Amino acid sequence: PAAAEKVLRVIPHADLKNIDPIWTTAYITRNHGYMVYDTLFAMDANLKPQPQMVDTWSVSDDQLTWTFKLRDGLKWHDGAPVTAADCVASLNRWGKRDGMGQALMNVMDSLSAADDKTIVMKLKQPYGLVLESIGKISSNVPFMMPKRFAETDPFEQVTDMIGSGPFKFSKDEWVPGSKVVYLKNEDYVPRSEPPSYAAGGKVVKVDRVEWVYFPDQTTAMNALINNEVDYFEQPANDLAPILANSPGIVVEVNDPVGNMGFARFNHLLPPFDNVKVRRAAMAAMKQEDYLLAAVGLPEYFSTCYSVFPCGTPLESTAGSEIVKSAGVEEGKKLLAESGYDGTPVVIMQPTDIPVLSAFSLVTAEKLRKIGMKVDMQAMDWSTLTSRRAKRDPVKDGGWNIFHTWWIGADVLNPMAIAYSGDPAKGWFGWPSDADLERARTAFPLAKNVAEQKVLATKVQDRLYAIGSHGNLGAFFTPVAYRDNVKGLIKSPVQFFWNISVE
Amino acid sequence: MFSFIAKRIVATIPVMGVVALFVFLMLRLSPGDPASVIAGDYATAADIERIREQLGLSDPIVVQFGNWIWQLMRADLGISIFSNLPVTTLIAQRLEPTLMLSLTTLTFSVLVAVPLGALAAWKAGTWIDRAVMIFAVAGFSLPVFVLGYALIYEFSLALQWLPVQGYKSPFDGLLPFLRHIILPTVTLSVIFIALFARITRASVLEVLEEDYIRTARAKGQTERKVLLGHALRNAAVPIVTVIGLGIALLIGGVVVTESVYNIPGLGRLVVDAILKRDYPIIQGLILMFSFVYILVNLMIDIVYTLIDPRIRY
Amino acid sequence: MDQTTQPVLDIRGLTVRLPIRADRENAIEDVSFSVLPHEILCVVGESGSGKSVTAHTVMGLLPPKQLTATAGQVLLQGDDLLKKTPGEMRALRGARMSMIFQEPMTALNPLMSIGDQIEEILQIHTEMSARERLARVIEVMEAVKLPEPERLVHSYPHQLSGGQRQRVMIAGALALEPALLIADEPTTALDVTTQAQILKLIKDIQRTHGTAVLFITHDFGVVAEIADRVVVMQHGLVVEQGEAKAVLRNPQHPYTRMLISAVPSMTPPARPPKADAPVVLETQDLCKTYRDRSLFRAARETRAAHNVELSVRRGETLGIVGESGSGKSTVARCIVRLISPTSGQILIDGHDIAGLSASRLRENRRLVQIVFQDPYRSLNPRRSVGASIVEGPMNFGVGKAEAQTRARDLMKLVDLDPNSLDRFPHQFSGGQRQRICIARALAMEPDVLIADEAVSALDVSVQAQVLELLDDVRKRFNLAILFITHDLRVAAQICDRIAVMYKGEIVERGPAAEVFRAPSHEYTQALFNAAPGRDFEFGSFATA
Amino acid sequence: MSAIADRDANRSGLRERLAEFRRNVLSRHPTMAIGGVLLILMILGAVFAPLLFTVDPIALNPIQRLRGPGAAQWFGTDMFGRDIYSRTIYGTRISLFVGLAAAVLSIAIGLVIGLLAGYVRLLDTILMRVMDGLMAIPGILLAIALVSLSGASLVTVTVAITIPEIPRVVRLVRAIVLSVREEPYVEAAVAAGTRLPLILIRHILPNTIPPLIVQATYVCASAMLTESILGFLGAGTPPEIPSWGNIMAEGRTYFQIAPWIIFFPGALLALTVLAVNVLGDGLRDTLDPRIAKKM
Ligand SMILES: Nc1ncnc2c1ncn2[C@@H]1O[C@H](COP(=O)(O)OP(=O)(O)OP(=O)(O)O)[C@@H](O)[C@H]1O
Ligand SMILES: Nc1ncnc2c1ncn2[C@@H]1O[C@H](COP(=O)(O)OP(=O)(O)OP(=O)(O)O)[C@@H](O)[C@H]1O
Ligand SMILES: [Mg+2]
Ligand SMILES: [Mg+2]
């Protein structure tokens, strides 16, 4: 081989536990998906879908028939050419798991391969988010895989990692919980456009990318300082200054959109079955306090009162007074009006996730301040994820509030499941609001951007009005790397093409 | 002897049965399950139910236990829910670092602790004795991770002598292996040195009271040889026993040390699995650890026969 | 001075100080005596009189810092041992003086082969080659009459009997033909028959090699058997010394007189037969087989008692004698039902209790009581002796006040202060504790009292008192006593009838006088022949 | 007259015993005295935490986050601006509680099981198999699993730490029972018709107390350490309740930025564990010379 193999040693933000990006929504698996797989469309820095595997595409005048033609030279890692049939199967599998995928499938009449390279999609009605859906940047990303894998039950994992992406997965070297190795896919033909978010040419500039997961932040930081790794994907914000002050290390924020803190009420159980109580709580949730406690350094957070990420097209101020300018006093007043009867609020605190643990602590304090009773219950994230699915009363294992965050790219528009107003299908917490749901379902059918904007504003207004959730502000996670690493792509998702080690 | 070993191995079955039942019930009767973790943030309750079914978690507990035992009988530990790899593969991948760390730790601790303990016993009541014992008690009092961080800070960052983290196989070169394993070994050893030094001191002290020590002295034997030739060997049985019991402790210590030094070993595998509810891994590993523990103690019983001619099975 | 009369060991004015806060200031004080070549000097005296301390001082084996010689000289062939450095002492130990100890079971390193342990001494002190050493080892092993020395060198101590182990010790001690051999109660832990052999061995060796022997014992039988001269110690002082015969026949010091008077005679006194008294205890075909049922081992069976038939009448003492392991305790424990017999019957007042269930058994517990050998472990150290005594009666419904009164009476009976009932066992001496145990047994008002080696752990003088007490209570309460002992002298004194046990079976029985006069079974004969000093009749002296 | 003499004798007995205690225990084991005093101070600190110039240990104050030790916050503040001094002092409560509760519980449960196993032949085999099984599962793993599976709370943490300690206590008790039941004085009690429960309580149980007290100190020390390790592994006491373990666990990311977060609770933990261990060693030497040699 060449004189020196170029290796990029990465500390990923999480351990890659499973490798099927359709089966799981874990961000680390999504990132892994981007290494191994390719997508038909991909989102660029303007949040616009751009063709990636697709060469040309067209849409009929009635907006019902979409035709996509694949690029030349697309090959699976096993050498077989990528066919339209593969892509049809892949889209079908994705459509069974992903929220936006399901929405798209609902309006779909048929999806078929006209020939080896042509995919034809027929819709039942015009739908505004076709490309936004299949060019989705975050989980679940509609990655393309060979038909034989794409036919796997979507609730079962695929057994092998054959994609057409810029890297090959080195399965023998995979040590779950510790190490993942990707090798450069020599056969990959990048597009000619410059990279922009997920779109553009995926030019691989190293021979090998190694993800070595570190369960301990301090050790991870020390490893980077000691030049034992090149790239630290998500150092704790507080470690950033030490890293930045170490010679040879660059610290910067790579994701311009950031993450949105989210406090979710359970709308089914008292006291949060009362909109006034929810709004009283929201009033007390001063973003600065959350961000300061959970994030710490001001350079890594900013307040954002829009439910759609600030700086993205649908950003709005509609109905945001409750989170923006209210306060503890206002909260007290609202609570007094609500007739709150002293029912204790069960806060689920995931102790293994520091940011969420901190959010929980702040919420507890805020709620106490406005006069609520709080029952803080510590647990790990796994317990939380299964408990939050329970609609039962608190005494039977139910809950009242938990915290999470969404990466901005996941909540760009009202289609995000987080904003659902239909308790039957909606996300944990199960808010119920017909107006909200009407606006949401209308959104993909919107004729143009202006119309979309109106609907999105409506959605936001309703979300705040019904006290869907607490909006805890935006925060940004820095990346840290040795200064010989060059060519990072600014994006809400971590990509490893275009990066070189000098 | 062989029939003894055979019988002892048979005797492990009920013990392993207890372990299996205990672990199984502990996992199944507790809140939280892998389905919801897998389902992730975007899932709805229906999705989770779907996954539960897929994983066989909706079956009655008895059926699940039966299936698992049947699997075990075929020497199959099952498939990791998350990574979809056989648990045996996962264990095999991570066995070496843990094994090596355990071996270096045991070796190092024994090499340091036994002479230290014997010395303390020999010099019982002097300042040497006191110093050793104070060290021993102190060794029991320090949280492992604090010690780990402190050592990294000093030897890796400040002095730049040793790497911060990671593991290198000795089969790829002894020097890198040693450089990587030194700090974890020292960190993990402290508590064992304390433990072994104590027991060595105590049992040597006890042996020194024995009549045959007086006999050896009556023969005109030198103190050094009395200590090394007569006392230490006779003190070996309790020391070896404690080393055996130390295995259980070792596994606990390994979990923390592996995290601090980022060593891809079994300890981290099992903790990760617990936090993610990867049942097959948890079950398989705890069962394996227990089995190792029992096996080591069986080996120790056999070692007894080497040390002590009175012990025959 | 003539070479033959210069003492091998000459102790002059030796004083050894005890650590502060001990019960007396000096372990031994102003001790002077000497051991001549070709001589066996016996040091006798009660427990704690300083015999071992003297011996250890000679060997330089006193525990450092705890005991120190503060005055006097210890001359070994003219060299003062107290002036030697530790290194010089090491060179002497094993070479010019050797020592053997009481417990052959523990005095050998269990992990080292016999050969290696004897060889060690050659390794330390000589330049012999390995082959020469082995040859010498075999030679000395032959000299102490160990069977098959070539095979035995590779054996480990646990594979040898007690007597053989003591021979190994002696072989080691004699390997370098030392001038002085110190034997600290070398036969106390052995059976009489074995003891006789070892004593003979020591005497033979001493004769053939001319070794001077300092022999420590508390057994006057042994003294009578082997001593040339005797030193009597009491409370760390030498109170009397002289030719063995002279001291034994005509002791001068009151202490010596008391000691010798306390030695029981081998001739049973005349005792009226009790043929007409009712039988209270009877066993028929009593068998006990211990099954060591372990998961990992083939079941090991020990037939500890086999077809034991015995009967005791009211007011009668039946003695069971026999060597260690012959099954005496097993029989006793079966009768008390601490263990269940494998088969056979145990009739107490005619009722069989051999197979009773736990609850039925409890009702019968009152009838049979037992006194054990070890006075230090027979009383719960955490309970006052009063509590121990009243426990039994109160189990059977006696009121507290009444039980207390009974306890006080019993304390008087066993010659103890009734006011000391609320004291704890550690505040009593060994003999006193044994009295308390007897009182505890009597508190139950039993029909049968079993004494399992009840006086074996006591000094002769104390032993005599306890024996007297037992005989007294037998008479007073018309008790049936089953008296278990390995000491023929004791048996002779207290028993009406004797049963001799051998390997789990009773091989001979009969009135004590008859058995002692004309033992019929060959084992009994061997046993009697082995009793040390059997031909010596110890006198009874006025001690005042 | 004699009653007075008796009482005098008793009183002098007591005085003597006190003097002896001073002589034997305090002068021969000065470290034990130091350990005891330290522990008493800790307990007092825990009980009177609110009076010791502390502030609310869970009050968040993000503005003041990560301040070093100083006049305002003696031990500095953590990443949420909480006062480390107050948290550490209050943490004493939890750590001591966990330690003491684990010690008391494991000893109590182990004692009962051990007595039964040692004296009731039938139960012995079954109980000991179960104990062997429990013993074979690495304690820390068992504890992590129990805590993370059943939810972090003070109770679950304590239970999870206690359970792995039980088999050791059982074995200890059983071994003592097996040897004590052969003691002549126990046999004498049997021969005197004493019922089993009384035999266990009067004659056997007291023998287990001294070694158990010693064992309890070791359990207590190791429980406090285990609590901190559980915290480190993310399965400790809930963060709302400050304990030395979770203060350190939460602060570990800040080891190089704000070492005081770990340092103060760590030092206090080490000191306390040391004190308990030293106390245990001293107790062992005085209460149970036989075991003293064996340990
Ligand atoms: N290491 C020691 N520390 C304190 N006192 C001791 C020590 N060794 C012996 N003594 C005391 O010295 C005295 C003499 O003890 P020694 O062992 O010589 O008695 P003995 O005559 O051999 O008795 P026995 O027949 O019981 O063996 C006793 O009072 C004993 O308590
Ligand atoms: N609990 C037991 N289990 C197995 N074997 C035993 C047990 N107790 C005694 N034995 C064996 O039974 C035989 C008789 O023992 P026993 O104690 O009755 O002898 P003894 O005549 O009282 O001896 P000693 O004079 O030494 O007290 C011995 O071989 C002994 O090893
Ligand atoms: Mg002695
Ligand atoms: Mg006996």
Side-chain angles (χ1 to χ4, degrees), chain B residues 12 14-23 26-27 29-32 130 133-134 137-138 140-146 149-150 153 157 198-199 202-203 205-206 209 238 245 247-256 259-260 267 270-271 274-275 277 282 285-286 289-294 297, chain D residues 31 35 125-126 129-151 164 168 218 221-222 224-226 228-229 231-235 244-245 248-249 252 255-256 259 262-263 266 269-278 280-281 291-295:
Chain B
T12 61
V15 179
M16 295 305 294
V18 169
V19 174
L21 186 67
F22 193 87
V23 170
M26 184 174 72
L27 290 180
L29 296 182
S30 62
R130 269 191 218 116
M133 283 302 103
I134 287 173
V137 181
F140 276 124
S141 314
L142 211 58
V144 182
F145 56 92
V146 174
Y149 286 147
Y153 191 76
L157 294 181
R198 265 167 101 114
I199 183 74
S203 51
L205 259 186
E206 185 172 330
E209 298 277 297
L245 293 175
I247 301 291
L249 208 61
L250 189 65
I251 293 166
V254 156
V255 173
V256 178
S259 289
V260 172
V270 64
V271 174
I274 290 173
L275 294 179
R277 310 283 188 275
I282 308 175
L285 266 177
I286 291 193
F289 281 140
S290 309
F291 191 63
V292 167
Y293 175 81
I294 294 172
N297 280 290
Chain D
T31 45
T125 326
I126 304 168
R129 282 299 88 72
V130 174
M131 290 302 131
D132 284 348
L134 265 186
M135 194 118 133
I137 304 177
I140 289 261
L141 293 189
L142 191 59
I144 304 171
L146 284 173
V147 174
S148 51
L149 294 176
S150 51
R168 253 174 285 279
Y218 296 139
S222 85
M224 289 194 274
L225 278 183
T226 310
S228 79
I229 287 176
F232 174 85
L233 293 172
W244 293 337
M248 284 193 281
R252 72 195 164 109
F255 184 71
Q256 271 147 265
I262 288 197
F263 177 80
L269 173 66
L271 204 65
T272 311
V273 173
L274 197 71
V276 175
N277 274 328
V278 164
D281 283 359
I291 296 249
K293 287 190 184 158
K294 292 220 180 70
M295 254 322 279

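Predicted model, so just to flag it, every value in this text is computed and none were measured. Note on naming: letters A, B, ... go to the chains in the order of the sequence lines (proteins, then strands), and numbering restarts at 1 for each one.
- Contacts between V15(B) and chain D at a heavy-atom distance below 4.5 Å involve backbone atoms as well as side-chain atoms.
- The closest side-chain heavy-atom distance from V271(B) to I144(D) is below 4.5 Å.
- For chain D, the nearby part of L157(B) is the side chain; its heavy atoms alone come within less than 4.5 Å.
- Other residues, nucleotides and ligands place more than 12 heavy atoms under 6.0 Å from the CZ atom of F22(B).
- When every heavy atom of R129(D) is checked against every heavy atom of V18(B), the shortest pair comes out as O-CG2, 4.2 Å.
- For chain B, no part of R168(D) is nearby; none of its heavy atoms comes within less than 4.5 Å.
- Top candidate by heavy-atom pairs under 4.5 Å with chain D, chosen from V146(B), I286(B), V256(B), is V256(B).
- Shortest non-hydrogen contact noted between L141(D) and I274(B) is O-CD1, 4.1 Å.
- The contact between Y153(B) and chain D is made entirely by side chain atoms (from C-beta outward), counting heavy-atom distances below 4.5 Å.
- For M135(D), the parts sitting under 4.5 Å from any heavy atom of chain B are the backbone and the side chain alike.
- For a residue to count as touching a neighbouring chain, one of its non-hydrogen atoms must lie under 4.5 Å from one of that chain's; by this rule V270(B) touches chain D with the side chain only.
- Atom CG of L274(D) is separated from atom CD1 of I134(B) by 8.5 Å, given to the nearest 0.5 angstrom.
- In this structure, chain B has heavy atoms under 4.5 Å from both the backbone and the side chain of L233(D).
- Heavy-atom distances place both the backbone and the side chain of A145(D) under 4.5 Å from chain B.
- Annotation for L269(D) and P143(B): closest pair CD2-CG, 3.5 Å, computed over non-hydrogen atoms.
- Interface residue V23(B): only side-chain heavy atoms are found under 4.5 Å from chain D.
- Annotation for S228(D) and F145(B): closest pair O-CE2, 3.6 Å, computed over non-hydrogen atoms.
- Looking at L225(D), the atoms closer than 4.5 Å to chain B (heavy atoms on both sides) all sit in the side chain, from C-beta outward.
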